[in-house]
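Shown next, in structure tokens, is the structure this report addresses.
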2 protein chains.
Amino acid sequence: MTSKPLNAGNAGNAGNAGNAGNVGRPVGGDSERVRNQLLDAARQHFLDRDFKAVSLRQIADTAGVNPAMVKYYFGGKRGLYLAMVDSMLRQLEERLSALPRGAEISVSEFIHGYTALLAANPWWPNFIVREVLFGDGELREEVIGKFMQHIGPRLIGRVEEEITLGNYRDNLDPSLAVISLLGVTLFPFIAAPIIGRIFKRELGPDDVNELAQHNTALFLQGVLAGPSPGATS
Amino acid sequence: MTSKPLNAGNAGNAGNAGNAGNVGRPVGGDSERVRNQLLDAARQHFLDRDFKAVSLRQIADTAGVNPAMVKYYFGGKRGLYLAMVDSMLRQLEERLSALPRGAEISVSEFIHGYTALLAANPWWPNFIVREVLFGDGELREEVIGKFMQHIGPRLIGRVEEEITLGNYRDNLDPSLAVISLLGVTLFPFIAAPIIGRIFKRELGPDDVNELAQHNTALFLQGVLAGPSPGATS
DNA sequence: TAATTAATTAAACATATAATTAATTAAAAG
DNA sequence: CTTTTAATTAATTATATGTTTAATTAATTA
């Protein structure tokens, strides 16, 4: 510990947030509120920018608290991030378990449910794609585990069942079918930022139903004209 | 220009790359080679990590040159990145224009072509997704413009044509159909890192044909069993 | 009421990074 | 052959960031 001063003399305004100057324990102290403000701010920033692209100071600014509170409440930037991820995943799990499921629901209901869920939580595909594709590896594992262990196999089982029942072609590969199903369901939201630009189509909240209907029809009937059974028109 | 020294006295080893010590213009000077080495190294790093997550030192290390060469040849980190993006896009445009096209090719050929292209350049979907979803905005515009102005409308036109010809259902929404087509085609590669984990399926180079065939069949016929015209089995 | 603990800010610290500059050597031009 | 230009490295600069600490004030406890 030689402790030679390197950059002494700067300091000053490094993101004067919220109650600047009010040093010391605040009067109507609600520590839970500060914690949640930090979580909210973290959500806002992390959901559309990379972990490294977001600075503690930015989060603290948005939350209106001092950057040191991140250490105080979450141990550091990483801790805050993990806490945020956790709260997100728990929220999503709630929504997921509220969706209709079981053997009796139709693919249409399934697609409609997930499409509506995605439309209501547009952060989800973005976040998952970012975590899974560009994550450091640790969070990646966690996210994959928490999400896909349940959803993936359940979907595959469902498709296998339909094949056994004779409802789906028996030359259908169940896992590829599920990948396709996820593709048509997720991709519009993954690509949302550019869809409007390219396709002159916004996919706003009103179009969600139309999208779900389209996906259902495509998945079930494909695009071919002719004597396809069960036309929706 | 007060020029007060802040952190004088460190220096030392900050990524001693390649020909360390060899100061001055090298003897068999091939400046084009250095330029390309930098581009290659940039590609390697930027294609699987974020812009901010990659440091100039890392790139210079991989390239085996001094970090200052980045400034010399490309003006800075950003310049190198843009040059790399440009070379990538030009390479991809070549491959794209080499694909079969025109009025006479089938959807099957189309899907097979793009799937093979993606399989041969797995960096493409990753890169595009990252740029488009999480980019700063400037590169985003450029990428969208360069890619999608051509591909998107062309695909939509194709689908409209097929509807007019009576080959596709006339209740089909062309832009949604193209979004779906892109979804089934791109998503497996976007999700490649997790597909093996969840679906016990690797999507290696051998499975590409199978995937393309599956996508073609799904897009055309859907999954339903029964009297579907033109079964592939 | 006195002592301790909780919550908060401002400031300092350490480190990493992109950018720049100065020195240095080879090649090219005159 | 001399001068200028090109290419390269080492060192410096400036800045941004996550973390830590010290001071400060309110709440809690003894």
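A, B, ... follow the sequence lines: proteins, then strands. Residue 1 opens every chain.
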What is the distance from [atom1] of [X] to [atom2] of [N], rounded to the nearest Å?
X     : N      : atom1 : atom2 : value
A/M69 : D/dG18 : CE    : C1'   : 16 Å
A/N66 : D/dA23 : CG    : C1'   : 13 Å
B/R35 : D/dT8  : CZ    : C1'   : 16 Å
A/L56 : C/dT9  : CG    : C1'   : 15 Å
B/D61 : C/dT17 : CG    : P     : 11 Å
B/Y72 : D/dA6  : OH    : P     : 7 Å
A/R78 : D/dT20 : CZ    : C1'   : 19 Å
B/Q37 : D/dA7  : CD    : C1'   : 14 Å

### Message
As a quick check of understanding, evaluate side chain to side chain donor-acceptor pair (under 3.5 Å) for A/R49 and A/Q44, giving each step before the final call.
### Response
CA-CA 9 Å; A/R49 271 160 38 247; A/Q44 287 180 46; over 6 Å; no
### Task
Please say whether the positively charged group of B/K52, taken as NZ for Lys or CZ for Arg, lies over the ring of A/F51, i.e. under 6.0 angstrom from the six-membered ring centre and within 45 degrees of the axis.
no
### Task
May I ask you to say what B/V70 touches in the nucleic acid, namely base, sugar-phosphate or nothing, with a heavy-atom cut-off under 4.0 Å?
nothing
### Query
Which comes earlier along DNA chain D counting from the 5' end, the contact point of A/K77 or that of B/P26, where each point is its nearest nucleotide?
B/P26
### Query
Does the pair A/R57/A/D61 count as a salt bridge with the N-to-O cut at 4.0 Å?
no
### Message
Can you work out whether B/Q58 or B/A68 has the more 5'-proximal nearest nucleotide on DNA chain C?
### Response
B/Q58
### Message
Taking the nucleotide of DNA chain C with the nearest heavy atom to each, does B/R25 or B/K52 sit closer to the 5' end?
### Response
B/K52
### Pairing partner of D/dT19 (Watson-Crick or G-U wobble, both distances under 3.5 Å)
C/dA12
### Message
Under a 3.5 Å cut-off for both contacts, is D/dA30 paired Watson-Crick or G-U wobble with anything, and if yes, with which nucleotide?
### Response
C/dT1
### Task
Report yes if a donor N or O on one partner sits less than 3.5 Å from an acceptor N or O on the other, where the partners are the side chain of B/R57 and the base of C/dA16; otherwise report no.
no
#### Entry: Side-chain N,O (B/K71) to OP1/OP2 (C/dA19) below 4.0 Å
no
### Message
Whether B/Y73 contacts D/dT8 is assessed here as follows: a side-chain N or O lying under 4.0 Å from the phosphate OP1 or OP2. Is that the case?
### Response
yes
### Summary
Separation between CG (B/N215) and NE2 (B/H112), nearest 0.5 Å, reads 9.0 Å
### Query
Is the backbone N or O of B/A68 less than 3.5 Å from a side-chain atom of B/N66, with the two atoms forming a donor-acceptor pair by type?
yes
